[in-house]
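Since the structure comes first, as structure tokens, the remarks are kept for the end.
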Amino acid sequence: MKFELLHPADQIVMIMERIYRYGMTTTSGGNISILDDNGDIWITPSGIDKGSLRLNDIIRVKPDGTIEGIHKPSVELPFHEMIYQKRPDIKAIIHAHPPALVAFSIVRKIPNTRLIPNVHLICGQVGIAEYGLPGSKDLGKKIAAQFEKGFKTIILENHGVVTGGKNLFEAFMAFETLDFCAKLELKARRLGTPRSLTDRHIEISKNKQDVTLNEFIPKRFSSEEREARRNMCQLIHRAYDQQLFTSTQGTFSQRLSDGSFIITPYGLDRKYLQEENLVRIENGWKEAGKTPSRSVLLHKAIYDKHPHINSVLIAHPPNIMAFAVTDENFETKTIPESYIMLRNIPKLPFGCTFMQPEMTADAFSKEISVVLVENDCVIVTGSSLLNAFDKLEVAEYSAKAIIAARDLGELVTINDEQVAEIEKAFKL
């Protein structure tokens, strides 16, 4: 999908639908705007249900102040106008009240964007704007002043968050990523003390970006490959809807019977990925004209070393990642399903996935199918795409249950005798 070719009203409706569906705003809360090449501002209306916006609900505000539309523009129009005046590079703005970010706004703190590397890279430094009356010019001036300092993500005291970007998708990436970051930190704090990445870690991660592979032009697409592409897209969309992935983070791959494999591309929105966006990797060469995930060498190393593995998933869901950014060990002996599906989950050091892919691949075996990487990701392997996806769900749901149990009492695990009984019954 060429998101940037859509009309501004279409873009606003699509992104607001995502924000509302994924619980990041309420029926009456939040607003989005786009500044188009004519100098017109397209903005969400005031007092209209954000869960059922239509194209004709979006308001057009011309440079001379003329308003076109069937509703009144958002009461927050003043701060949108002021941001555009102060920052000519900003062409789209999102404002909303996601609960995790509101939690930070009401204690007047900024989420730690250094728990995993891409948060800092996507959001940059985060500013904080002093409280102001909603819809007032005073609030607009306070927010615009923070943008003028160079920030593109701003926490509003006792209010919510504002993000800006060169287009609406960039603004949404920062918005969604900062919300993920806030959720991750809140969960991690319930387990222990979150561990931040250093400047050196961030720099190392930034330098991992380029993976150079030779290219080939596919001569055919087998029925097996077509089915794999279809099934992978379906599960990628499901992973996004269940918030196991974000728009730009999360990688699937599946091995084909000829030894090649299909993998997700780098930098494309996971919600709208289509079969033609996926990248085939064959004998270390990539499908021409496409850019595979930066973890492609790790996927290849795992497949080369482990014939029993046919699918690899890399993800960053907030509950399991809370264990990756603290010193807490993830306990799988909570319920039978968790132990059966996950067994033991070791924790590997940050940087191993891109600096030592061969060593990382060695961590897997028939007994170990899931590993955590400190301040980075969870890697899940399986006999099939669905098998690996099932394990990812079980890991995230189990982690969520453990974190919730912290408020109830001491965790009681399945004992050794019960584990032996499970292993015998399920031939583990």
Side-chain angles (χ1 to χ4, degrees), residues 8-9 11-12 15-16 19 24-48 50 53 57-69 71-98 101-102 104-111 123-168 170-175 178-179 182:
Q11 294 185 36
I12 290 171
I15 293 299
M16 184 58 83
I19 291 173
M24 295 187 283
T25 197
T26 59
T27 296
S28 59
N31 37 79
I32 295 175
S33 74
I34 293 175
L35 177 65
D36 72 13
D37 294 338
N38 299 325
D40 296 336
I41 296 175
W42 299 81
I43 191 166
T44 46
S46 177
I48 302 301
K50 299 304 189 295
L53 275 185
D57 291 322
I58 307 306
I59 309 302
R60 182 183 188 181
V61 182
K62 294 186 174 183
D64 64 3
T66 301
I67 296 173
E68 294 183 356
H71 308 291
K72 294 180 180 179
S74 169
V75 296
E76 301 288 16
L77 174 62
F79 83 63
H80 289 256
E81 292 177 320
M82 291 182 192
I83 292 171
Y84 290 133
Q85 290 167 6
K86 297 291 187 181
R87 288 284 297 275
D89 59 312
I90 297 289
K91 302 297 182 183
I93 296 166
I94 295 175
H95 165 56
H97 319 109
L101 288 173
V102 168
F104 281 88
S105 85
I106 61 180
V107 297
R108 302 189 174 188
K109 292 183 178 180
I110 294 173
C123 298
Q125 293 292 115
V126 180
I128 188 163
E130 293 180 1
Y131 176 79
L133 179 69
S136 68
K137 289 186 177 181
D138 173 60
L139 176 62
K141 290 177 181 178
K142 289 172 177 175
I143 297 172
Q146 293 300 310
F147 273 90
E148 194 172 16
K149 293 177 182 178
F151 298 112
K152 66 176 181 179
T153 50
I154 310 290
I155 296 290
L156 311 184
E157 290 181 349
N158 297 86
H159 194 157
V161 64
V162 176
T163 65
K166 64 185 178 184
N167 55 52
L168 187 55
E170 184 180 270
F172 177 73
M173 282 172 53
F175 172 82
L178 190 65
D179 182 57

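Both backbone and side-chain heavy atoms feed into the values below; hydrogens, waters and symmetry mates do not. Along the sequence shown, residues are numbered consecutively beginning with 1.
Closest non-hydrogen pair, Asp40 versus Lys62, comes out as OD1-CA, 3.6 Å. Closest approach of Phe175 to Pro98, counting heavy atoms only: CZ-CG, 3.6 Å. Here the closest heavy-atom approach between residue Ala171 and residue Ile94 is recorded as C-CD1, 3.8 Å. Between Ala174 and Cys123, the closest heavy-atom pair is O-SG, 3.5 Å. Taking all atoms of both residues into account, the shortest heavy-atom contact from Leu178 to Pro111 is CD1-CG, 4.2 Å. Taking every heavy atom of both residues into account, Ile43 and Pro73 meet most closely at CG2-CB, 3.9 Å.
Here the straight-line distance linking atom CD1 of Ile15 with atom CG of Leu53 works out to 12.5 Å at 0.5 Å rounding. With rounding to the nearest 0.5 Å, the separation of CD in Glu76 from CG in Leu139 is 5.5 Å. Interatomic distance, Thr44 OG1 to His71 NE2, rounded to the nearest 0.5 Å: 11.0 Å. Between Leu77 atom CG and Ile41 atom CD1 the span is 6.0 Å, to the nearest 0.5 Å. Within the model, atoms CE of Met24 and CG of Asp179 stand 5.5 Å from one another, a figure rounded to the nearest 0.5 Å. Rounded to the nearest 0.5 angstrom, Thr153 OG1 and Ile110 CD1 are separated by 8.5 Å.
Checked against the 6.0 Å centroid criterion, the rings of His159 and His95 qualify as a close aromatic pair.
Considering only heavy atoms from C-beta on, Ile128 stays 4.5 Å or farther from Lys109 through its side chain. Within the 4.5 Å cutoff, side-chain heavy atoms of Met16 are placed close to those of Thr25. Side-chain atoms of Phe172 and Ile19, non-hydrogen and from C-beta on, do get closer than 4.5 Å to each other. Considering only heavy atoms from C-beta on, Val161 stays 4.5 Å or farther from Phe104 through its side chain. For the pair Ser46 and Val75, the minimum side-chain heavy-atom distance is below 4.5 Å.
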Could you go step by step and tell me if Ser33 and Ile93 meet the side-chain contact (heavy atoms from CB on, under 4.5 Å) rule? CA-CA 5 Å; Ser33 74; Ile93 296 166; 3.8 Å; yes
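With sequence neighbours left out, Ser74 forms a side-chain hydrogen bond (donor to acceptor under 3.5 Å, both in side chains) with Asn31. Residues forming a side-chain hydrogen bond (donor to acceptor under 3.5 Å, both in side chains) with Asp64 (at least two apart in sequence, or on another chain): Thr66.
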Report, one line per pair, each donor and acceptor closer than 3.5 Å where one atom sits in a side chain of residues 140-149; sequence neighbours left out.
unit_1, atom_1, unit_2, atom_2, d
Lys142, NZ, Tyr131, O, 2.7
Lys142, NZ, Asp138, OD2, 3.1

